[in-house]
Protein chains: 2
Amino acid sequence: MAGRGSASAPDAAVTIRDVARAAGVSAMSVSRVVNGKPGVGPETAARIENAIQALGFRPNRMATSLRQKRGLSLLGMVVPDPYTPMFTEIAVAADAALREHGLIVVTASSGRDPVRERALVGSFIDRGLDGLLLVSEDDDHRYLAPELQRGRPVVFVGGPPVGVEAPAILVDNRGGARTAVEHLLGRGHRRIAIIASTTGFPAAERLAGYRQTLAAHGVPVDPALVMRVPHGRVDGARATARLVDRADPPTAIFCTNYLLTAGALPALRERGSGCAFVAFDDFEAATLAEPPVTVVTQDPPSMGRLAAELVVAAIDGTGGGPERVTVPARLIPRGSGELPPPA
Amino acid sequence: MAGRGSASAPDAAVTIRDVARAAGVSAMSVSRVVNGKPGVGPETAARIENAIQALGFRPNRMATSLRQKRGLSLLGMVVPDPYTPMFTEIAVAADAALREHGLIVVTASSGRDPVRERALVGSFIDRGLDGLLLVSEDDDHRYLAPELQRGRPVVFVGGPPVGVEAPAILVDNRGGARTAVEHLLGRGHRRIAIIASTTGFPAAERLAGYRQTLAAHGVPVDPALVMRVPHGRVDGARATARLVDRADPPTAIFCTNYLLTAGALPALRERGSGCAFVAFDDFEAATLAEPPVTVVTQDPPSMGRLAAELVVAAIDGTGGGPERVTVPARLIPRGSGELPPPA
DNA sequence: CTGTTAGCGCGTTCAC
DNA sequence: GTGAACGCGCTAACAG
């Protein structure tokens, strides 16, 4: 059929002037109709509408934004990885909340690479996105200072802005860690291991919470039970193997993020270990595992909603300043965290 | 500190002219330096570089794109939902491949709402994204005809374009279903149920493959074992409950997508059912469940890579026409699919 | 009610 | 090697 030869030059898009010509009016009148502004007679408007339909005119939003010095009604969200369910749920909640404001949420992953994170943030800003939701585990955000000062709507989520002032939705990482550790202590555990990632403020806070809590209960921290590893599944698996294979293994493990957990659980299972296990961050598969996984979780939907409110405020200029909200973390017992230490 | 009063008007961004003035040159020279084009003396260039640094100049990509009639170097990907791991993996692979071409991949979810899907696609086009990766389960894409004809780079992934011609990376849904069903038949199962979503071409194909395969093996299809439900976790759970609670329950279930599976597994577990189970689409938690879940899977990384190649070709105009690639599906036995029927 | 002028920020063209 | 003029597609601010 038309198949082959149709390497037709990408037909130039139809512009507002094409419509104006077709309708025998000026571009301005078309603009008014398109934007629903008054000042166009009913007949003229009808002619214009027809021309728009006939030509399939679609306003070029880039031109509009350029002229009006406004954003593209796009809101960018940058997450460390696309796998961690919590990030997804935050995005879903933010998306729902922002849709009401006519904003489309688009997501991209930084892969925990500070260089890529900065590139993404910069790209989003240069490309005229209206605002940014930044889930960052980086430890230096001073590069954002100029943008922030220029009033760019950037809201931090889950990890705090470091070196700059910016609105943020944070999590009570220490409190969550304390909850997890106290839960295990309450079940009689004394040799409690922790698996934490080497990077990121949240990881450091969770580790600190672990240390504080053990200290507060007079339980010495065995350095051999503190595993600090990169933020990946294989790292979680390896750390778990090292712990479980020890001559004096821990009786419980506190695993501080999703990816590490995703690696740890299969490792634990392979070894048939009866080690108690509590994970930071909830995930769907937690109920599928045997035993189901006890978790400490934040409330991602709330976080997403709150973050949405803050960006909107920032975009509208309603923001009173860099606001900071910390949401609590709670424990959901499901089985793995209630396993007793071996008698 | 500066805190409160700094409701400063969002300082106008610094433009190329500000830099030109600061460096005592024309905007043109600044442009040349920024874009690494020749024709600027070393000293002048140095002065300009300094001014750029000092003022923190960042070129406005919208203006550039408008002038050059090019995209924003953003590639939009629209997925039905943000939970299904396969979509995520396709996105990751596409992202990696497209990064080399200087394209940033941003993702948004349609929620399987055709209206929203169209809105997203339209928005992306109007906003000057360079291309689109569309994972659609809609059954009518004629609204895209004008755009396609204008040479918009849209590549379908996982679901075919309906009513229009467009490049696509597809999956052998029927073949995959056949593989799954034959695997179960080979284990001695005769009462094999299927849980499929009511919407979407892939679902219909998988169901057809199931029917064909049973017929080919002389096994009658019991309509009571064919569950067509909406595409959600709760629907998967309910369908499973209905099946398992029957007086004459199936001895095996073929569950045709991730969300349904995510609902089905807990339901199965609650009931302590020994029903064999094969899922279409792989997912991380499959290895965590007890027993681990046998799946039929496509190769998402390949799909993402291929899709990336097709969009790039379409963007460059290298595309010979609407190409269509179908990737095979293979079975990964893990345990749940090898459960025998009760003797 | 409708049209004209001007310019958003940038890059192409062509002169100097 | 450098800059002035013009226009990408659209709309505010004025005419008429």
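FYI, side chains are in, hydrogens and waters are out, and symmetry mates aren't considered; it's all heavy atoms of this structure.
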task = May I ask you to evaluate whether Lys69(A) reaches the phosphate of dG9(C), defined as a side-chain N or O under 4.0 Å from OP1 or OP2?
result = yes
ask   = Which nucleotide, dT11(D), dA4(D), dC10(C), lies nearest any side-chain atom of Asn35(A)?
value = dT11(D)
key: Residue whose nearest DNA chain D nucleotide is more 5′ - Ser29(B) or Arg67(B)   = Ser29(B)
query = Which part of the nucleic acid, if any, lies within contact of Pro38(B), taking any heavy atom under 4.0 Å across all strands shown: a base, the sugar-phosphate backbone alone, or nothing?
reply = nothing
Phosphate contact (dT11(D) OP1 or OP2) by Ser31(A) side-chain N/O below 4.0 Å = yes
request  = For residues Thr15(A) and Asn60(A), determine if any side-chain heavy atom of one lies less than 4.5 Å from a side-chain heavy atom of the other.
outcome  = no
ask   = Hey, does the side chain of Ser26(A) come within less than 4.0 Å of dG3(C)'s phosphate (OP1/OP2), counting only N and O?
value = yes
key: Among dC10(C), dG3(C), dT11(D), the nucleotide that comes nearest once only the side chain of Thr64(B) is considered   = dC10(C)
inquiry  = With a cut-off of less than 4.0 Å, is there a side-chain N or O of Gln68(B) near OP1 or OP2 of dC10(C)?
reply    = no
inquiry  = Of the options dG11(C), dC10(D), dC10(C), whose atoms approach the side-chain atoms of Ala63(B) most closely?
reply    = dC10(C)
inquiry  = Please classify the nucleic acid contact of Thr44(A) as base, sugar-phosphate, or nothing, using heavy-atom distances under 4.0 Å.
reply    = sugar-phosphate
task = Would you mind telling me which residue lines up with the more 5' stretch of DNA chain D, Gly41(B) or Leu66(B), judged by nearest nucleotide?
result = Gly41(B)
ask   = Among dC10(D), dG3(C), dG3(D), which is the nearest nucleotide to the side chain of Arg17(A)?
value = dC10(D)
Phosphate-side-chain proximity, Lys37(A) and dA12(D), N/O vs OP1/OP2 below 4.0 Å = yes
